[in-house]
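These notes concern the structure reproduced below.
These values consider heavy atoms only, across backbone and side chains, with no hydrogens, waters or symmetry-generated copies. One is the number of the first residue; the rest follow in order along the sequence.
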Amino acid sequence: MIEIKNLTKKFDDTVALNNLNCKINPGTIMGLTGSNGSGKSTLLRTLSGVYAPDGGEILIDEINAFDDAKIKEQCFFISDFPFFFNDSTLDKMASLYRGMYAGWDEEHYKELCSLFHLDSNKKIILMSKGMQRQASLILAFSTRPKYLFLDEIFDGLDPVIRKTLKTLLISEVSDNNLTCIIASHNLREIDDICNNIILLHQGNVVDSDDTDNIKNRIHKIQIAFNETPGEDIFEGLDVQILNHLGNYFSLMIKGDEDVILDKLNSLNPAFIEVLPATLEEAFISEMEDVGYGK
């Protein structure tokens, strides 16, 4: 288990993480998203021990994670811009990691090189951006980590490789109880694969919950009337009008679905339909609530 307790990280006068608190259970794929500069990458770097907390602590399996060699051996972090030496090849990096990670799995390494169709003797810096990410993933999974931290990992991957990665992640979680945190702006990818989500803004946790619960707090509704309604027809509802054409409205409404439908049905609509909200729509709604983009 990962426990983040009152975590604060500063860079000069900038507070990147502000007194964060949350728990991440084992065998979870956690999505980490938020506004630009919200602290996503800083949180991953602090989790992996690249940064020392300026306040609070991170406990991994009840051990303070910073600068603990045994804990770091169970963790693997892939940054948004993976770094390799100029002469690094997959085989050279594999040779390095064999001596660093007790859980290194040589057979799995060979399987992954074949799965991703990468030349293990080619210099990694000569590969495309997407192929460099694939190289990082091969090395990460070959160490058999207990905790995997991924920063914008889907960036640069084509649809086939994205599908391969999702399948691989789900397999690792189910077979080996891997705990994975994925920081990404790509909410469709997060929605596809993540059990839970942490939403950050200006270094603070705006929300942390099951992805379905977050989506179910907002309701996308199409409604039409036989006669033109008055301007205050939706008074008393936390409503955003997405589209209005004559007697037709497309709405985004927060609150209990049964209460909302009781209120709307009392208006005698000619037509009403509730559509599932996307994670992106829920994200926009949450961000607007904290004043972002206004």
Side-chain angles (χ1 to χ4, degrees), residues 1-24 28-86 100 125 129 132-133 136-137 139-140 145 147-156 179-187 189-190 194 196-209 283-284 286-294:
M1 174 182 286
I2 296 175
E3 297 179 83
I4 300 172
K5 297 183 175 182
N6 303 314
L7 179 64
T8 298
K9 182 61 188 175
K10 300 178 181 179
F11 299 98
D12 297 327
D13 294 330
T14 301
V15 179
L17 300 173
N18 184 24
N19 199 37
L20 261 63
N21 289 277
C22 68
K23 292 183 180 181
I24 302 169
T28 298
I29 305 179
M30 174 71 76
L32 181 62
T33 191
S35 54
N36 291 327
S38 60
K40 299 183 297 297
S41 295
T42 300
L43 178 55
L44 291 188
R45 285 179 166 84
T46 310
L47 281 167
S48 60
V50 176
Y51 294 151
D54 292 313
E57 62 180 352
I58 293 172
L59 300 179
I60 299 180
D61 295 338
E62 301 182 348
I63 299 173
N64 193 307
F66 181 70
D67 215 23
D68 187 287
K70 290 185 178 180
I71 289 297
K72 286 189 174 182
E73 191 179 351
Q74 300 178 56
C75 302
F76 203 104
F77 169 54
I78 300 179
S79 71
D80 49 349
F81 296 102
F83 172 80
F84 295 99
F85 297 110
N86 289 342
M100 295 175 61
I125 63 167
K129 178 181 179 181
Q132 288 185 27
R133 291 191 184 281
S136 298
L137 288 165
L139 295 167
Y147 298 97
L148 182 59
F149 310 126
L150 306 175
D151 196 355
E152 296 292 353
I153 194 62
F154 295 108
D155 188 21
T179 301
C180 180
I181 303 177
I182 304 174
S184 178
H185 284 113
N186 192 326
L187 295 175
E189 306 291 1
I190 285 180
C194 294
N196 302 84
I197 185 171
I198 297 173
L199 180 59
L200 296 178
H201 179 59
Q202 295 181 345
N204 297 286
V205 174
V206 175
D207 205 347
S208 178
D209 204 346
F283 171 86
I284 291 170
E286 293 279 5
M287 288 292 98
E288 287 177 343
D289 280 353
V290 296
Y292 183 62
K294 293 183 178 180

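- In this structure, L199 CG and D207 CG are separated by 6.5 Å, a value rounded to the nearest 0.5 Å.
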From CA spacing to verdict: side chain to side chain contact (heavy atoms under 4.5 Å, CB included), D80, D155
CA-CA 8 Å; D80 49 349; D155 188 21; over 6 Å; no
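- Contact detail for S48 and K72: the closest heavy-atom pair is O-CE, 3.9 Å.
- Rounded to the nearest 0.5 angstrom, S208 OG and I198 CD1 are separated by 4.5 Å.
- Residues satisfying the ring-ring contact (aromatic ring centres under 6.0 Å, His included) test with F85, not counting sequence neighbours, are F83.
- Taken from CD1 in I2 to OG1 in T179, the straight-line distance is 6.0 Å, to the nearest 0.5 Å.
- A donor-acceptor pair under 3.5 Å links the side-chain atoms of N21 to the main chain of N19, judged by distance alone.
- Minimum interatomic distance between E73 and M100 (heavy atoms only, all atoms of both residues): CG-O, 3.8 Å.
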Please lay out, stage by stage, how L7 and L43 fare under the test side chain to side chain contact (heavy atoms under 4.5 Å, CB included).
CA-CA 9 Å; L7 179 64; L43 178 55; 3.7 Å; yes
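- Applying the salt bridge (Lys or Arg N to Asp or Glu O under 4.0 Å) criterion to K5, with sequence neighbours excluded, gives no partner residue.
- Contact annotation: the side chain of F149 never approaches that of D151 to less than 4.5 Å [non-hydrogen atoms, C-beta and beyond].
- Residues I125 and Q132 share a closest heavy-atom pair of O-NE2, 3.7 Å.
- Listed here is the closest heavy atom pair of I181 and L44: CG2-CD2, 3.8 Å.
- No side-chain heavy atom of I24 sits less than 4.5 Å from a side-chain heavy atom of N196.
- To the nearest 0.5 angstrom, L32 atom CG is 8.5 Å from C22 atom SG.
- Rounding to the nearest 0.5 angstrom, the gap separating the CZ atom in F77 from the OG atom in S41 is 6.5 Å.
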Please walk me through it: do I71 and Q74 pass side chain to side chain contact (heavy atoms under 4.5 Å, CB included)?
CA-CA 5 Å; I71 289 297; Q74 300 178 56; 4.2 Å; yes
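- Checking H185, K40, R133 one by one against E152, the side chain to side chain donor-acceptor pair (under 3.5 Å) holds for a single residue, H185.
- Across every non-hydrogen atom of K9 and T46, the tightest pair is CG-OG1, 4.5 Å.
- Proximity of a side-chain donor or acceptor of S184 to a complementary backbone N or O of N186 within less than 3.5 Å is detected.
- Other residues, nucleotides and ligands place more than 12 heavy atoms under 6.0 Å from the NZ atom of K129.
- Between the SG atom of C180 and the CZ atom of F76 there is a distance of 12.5 Å, given to the nearest 0.5 Å.
- Within the 3.5 Å criterion, the main-chain N or O of M1 finds a donor-acceptor partner in the side chain of Y147.
- L20 is listed as a side-chain neighbour of L200, based on a closest heavy-atom distance under 4.5 Å.
- Annotation for H201 and V206: closest pair CB-CG2, 3.5 Å, computed over non-hydrogen atoms.
- Residues T33 and L187 have side chains in contact (heavy-atom distance under 4.5 Å, counting atoms from C-beta outward).
- Side-chain atoms of F84 and L139, non-hydrogen and from C-beta on, do get closer than 4.5 Å to each other.
- S79 places a side-chain N or O within donor-acceptor distance of the main-chain N or O of F81, the cut-off being under 3.5 Å.
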